[in-house]
Amino acid sequence: MKVLFNVLLVDDEPWVLEGLRTMIDWNRFGFQICGEALSAPEALKLMEQLKPELVMTDIHMPVLNGLELIEHSKRILTLPPKFVILSGYDDFRYAHQAMRQRVAEYLLKPIDDEEIEAMLAKLSHEIQDERDAECSYRKKAGLAVHYLLNRLIRDELSHDLAEQARKAMQIQGEPLLQCLLIETGITETGVDWIEWMADYGPPSLLGCFQDNSGSIGAVLHVEHSTPDEVMETALQLQSALTRELEEPVIVAISGTGAGIQAIGELYRQSAEVRDVKRSQDRSGVFCYQEWRRVEHLGGLPFGWIDELFSMIMAGEHASIESCLARIFAAMTDHLPHLRALQADVADLELKLCRRIAEMNGDPDLFMNRLQGNLGHLGDACPNAALKNYMRLLAFEAASQLAELSRLNEHNTIFQVIQYVDREYRSKLQLQDLARHFHMNATYLGQLFKKHAGKPFKEYLNDKRIEEAKLLLKRSGMKVSEVAIYVGFPNADYFIHKFKLTTGMLPTSYKNHVESKLR
């Protein structure tokens with residue numbers, strides 16, 4: 001499906017806008033109207049929001065004229081559009097100013113149909129050529145950076161390599177850098193990660209790479225970023241990829257280091273965190289510095305509390321008992337620091353309470369019942385008291401979560417499936433569905449698959465395909481109209497999914513049905 005370029009129409013006369021909108025077959029020349037403005041200030045706002053490739057504007061307008069609009073746009077926009085001036089003023093001064101502003105075309109009203117059609121055909125080719133050139137340049141630049149970063153993370157650092165990397169990533173001096181390492185757990189995704197990161201990565205992105213294990217690395221310039229801003233960037237990437245792939249995603253954040261020579265060490269830090277979290281079957285965003293701080297607090301060995309949490313969530317009593325026995329043995333043999341132990345258990349409490357709340361339980365009631373039997377965690381000073389507290393916490397939480405699971409499954413998932421069946425035409429995402437029903441997204445995905453017999457996205461696509469088949473049989477709608485109507489983002493994706501599901505293209509299916517009815 002051909003991509004249409006966006007056009008913004010600007011004129012202070014509504015009838016002129018209507019004429020431009022209706023007299024020209026924009027799609028025929030590869031354009032679509034994305035907006036209209038009756039003044040230059042309004043047009044500037046729309047240009048920032050809609051980022052059109054082409055703006056057709058009158059010259060004579062109040063507040064700012066068309067030429068002033070062009071001048072302002074080139075000051076405030078990173079990538080200004082092409083401009084076509086429409087004017088009733090046959091005055092060389094305007095044309096001369098327009099040429100100085102590098103206006104693409106200068107047309108006099110009334111507009112000649114053949115003239116504007118020839119102009120649009122020419123501009124469409126120019127814009128496409130520029131876009132192709134930019135895409136090609138960006139891809140080549142990305143591949144060069146990818147190659148250089150892969151050498152740097154393998155510790156091949158040399159003066160020449162450092163200079164090449166500085167030039168490729170446009171780095172001056174020794175800026176503060178940080179590395180994000182993204183683990184998707186999928187070896188073949190069909191995604192060009194260099195291009196994906198260029199499109200969706202943060203403004204602080206200097207370059208990206210893919211290591212030998214398939215993880216995606218991103219080097220960020222964090223000289224002017226706070227740790228919270230870096231964390232927010234990592235959370236956004238993790239959330240976007242989780243939605244895109246519908247699979248757990250790990251994002252490991254390194255510490256910070258100065259200059260090109262720090263990249264190898266920053267990569268190793270993030271890889272160390274990734275490897276640990278991957279071995280624990282964890283997903284989420286994890287910081288190297290926080291991980292190291294927790295690891296050296298003097299509490300239980302790193303990951304043991306997480307393992308216990310997983311056993312509690314699974315409701316496997318024998319596994320919980322085995323895990324507790326190992327923890328208690330470590331508490332006896334190595335005598336970890338009491339405050340560190342209490343911090344570990346408090347972290348477990350917090351995770352369990354969050355999960356109880358996510359499953360529509362009452363964490364306060366749960367903790368009050370627990371503390372009514374054994375008192376507060378802070379009161380459990382001797383090892384024996386702390387062990388009793390941990391045992392009761394683990395088994396009480398396992399029972400509570402199992403009960404909540406039983407109550408939730410039949411009630412909530414039935415409502416979720418009904419909601420999907422009703423709203424399938426909307427832009428449904430598992431994360432949004434989870435928020436709507438106040439559930440954890442991963443848990444909802446598992447529950448949905450268990451009750452519907454297939455993953456959420458597959459179920460949604462199948463539902464849309466079934467409705468599309470009915471429309472193709474009974475309506476005179478075009479394939480592109482059917483695609484949008486049943487909820488697919490575009491016709492190409494719909495055609496791909498339809499063929500994957502039915503074994504034939506939508507047009508073939510429609511023709512086959514029509515031939516059987518003759």
Side-chain angles (χ1 to χ4, degrees), residues 231 235 238-239 242 248 250 277 280-287 290-291 293-294 297 299-317 319-321 323-324 326-328 331 336 338-381 385-409 411-413 416 430-431 433-447:
M231 173 59 78
L235 287 167
Q238 198 258 352
S239 177
T242 300
I250 297 169
K277 298 305 175 183
Q280 296 169 347
D281 200 22
R282 296 283 303 281
S283 63
V285 178
F286 306 97
C287 296
E290 181 64 19
W291 172 65
R293 185 185 69 80
V294 172
L297 273 178
L300 293 168
F302 185 77
W304 284 22
I305 287 292
D306 288 341
E307 185 182 345
L308 178 58
F309 175 77
S310 299
M311 297 301 104
I312 294 170
M313 287 304 305
E316 299 169 2
H317 282 233
S319 299
I320 293 171
E321 190 65 67
C323 195
L324 284 171
R326 185 156 59 100
I327 289 172
F328 294 162
M331 288 170 63
L338 178 62
R339 286 190 180 178
L341 274 173
Q342 289 176 332
D344 284 337
V345 180
D347 182 55
L348 178 63
E349 277 183 351
L350 181 61
K351 288 179 178 177
L352 290 170
C353 286
R354 280 178 180 163
R355 187 52 61 92
I356 288 170
E358 287 168 355
M359 295 175 69
N360 302 315
D362 187 341
D364 291 334
L365 183 64
F366 169 74
M367 289 305 299
N368 288 337
R369 189 167 62 245
L370 180 73
Q371 291 165 356
N373 292 331
L374 290 176
H376 289 269
L377 173 60
D379 300 331
C381 291
L386 192 55
K387 289 176 183 178
N388 286 338
Y389 190 95
M390 289 178 69
R391 182 182 293 279
L392 190 62
L393 171 66
F395 285 108
E396 284 289 320
S399 298
Q400 174 82 359
L401 290 166
E403 180 60 21
L404 287 171
S405 181
R406 282 191 293 273
L407 292 172
N408 283 334
E409 275 194 19
N411 182 28
T412 306
I413 201 62
V416 170
L430 187 61
Q431 297 278 358
L433 207 59
R435 276 194 294 273
H436 184 79
F437 286 91
H438 309 291
M439 295 179 73
N440 174 271
T442 303
Y443 177 70
L444 176 58
Q446 294 167 350
L447 205 57

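Because the structure is predicted, anything quoted here is derived from the model rather than measured.
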Between CG on residue Leu430 and CZ on residue Arg435, distance to nearest 0.5 Å: 10.0 Å

Side-chain heavy-atom pair Met439, Leu433 within 4.5 angstrom cut-off: no

Residue pair Asp362 / Ile356, side-chain heavy-atom distance below 4.5 Å: no

Partner residues of Ser239 under the side-chain hydrogen bond (donor to acceptor under 3.5 Å, both in side chains) criterion, sequence neighbours left out: Arg243

By side-chain hydrogen bond (donor to acceptor under 3.5 Å, both in side chains) - contacts of Arg391 (at least two apart): Glu321

Separation of Ile305 CD1 from Cys323 SG (nearest 0.5 Å): 8.0 Å

Phe395 and Leu324, any side-chain heavy atoms less than 4.5 Å apart: yes

Residue pair Phe286 / Ile250, side-chain heavy-atom distance below 4.5 Å: yes

Min side-chain heavy-atom separation Leu352-Leu401 under 4.5 Å: yes

Evaluation steps, side-chain contact (heavy atoms from CB on, under 4.5 Å), between Phe366 and Leu393: CA-CA 10 Å; Phe366 169 74; Leu393 171 66; 4.0 Å; yes

CG-CD distance between Leu370 and Glu349, expressed to the nearest 0.5 angstrom: 7.0 Å

Ser319 OG to Leu308 CG distance, which is reported to the nearest 0.5 Å: 10.5 Å

Sequence-distant partners of Gln400, side-chain hydrogen bond (donor to acceptor under 3.5 Å, both in side chains), two or more places apart: Arg369

Euclidean distance, Ile320 CD1 relative to Glu307 CD, rounded to 0.5 Å: 11.5 Å

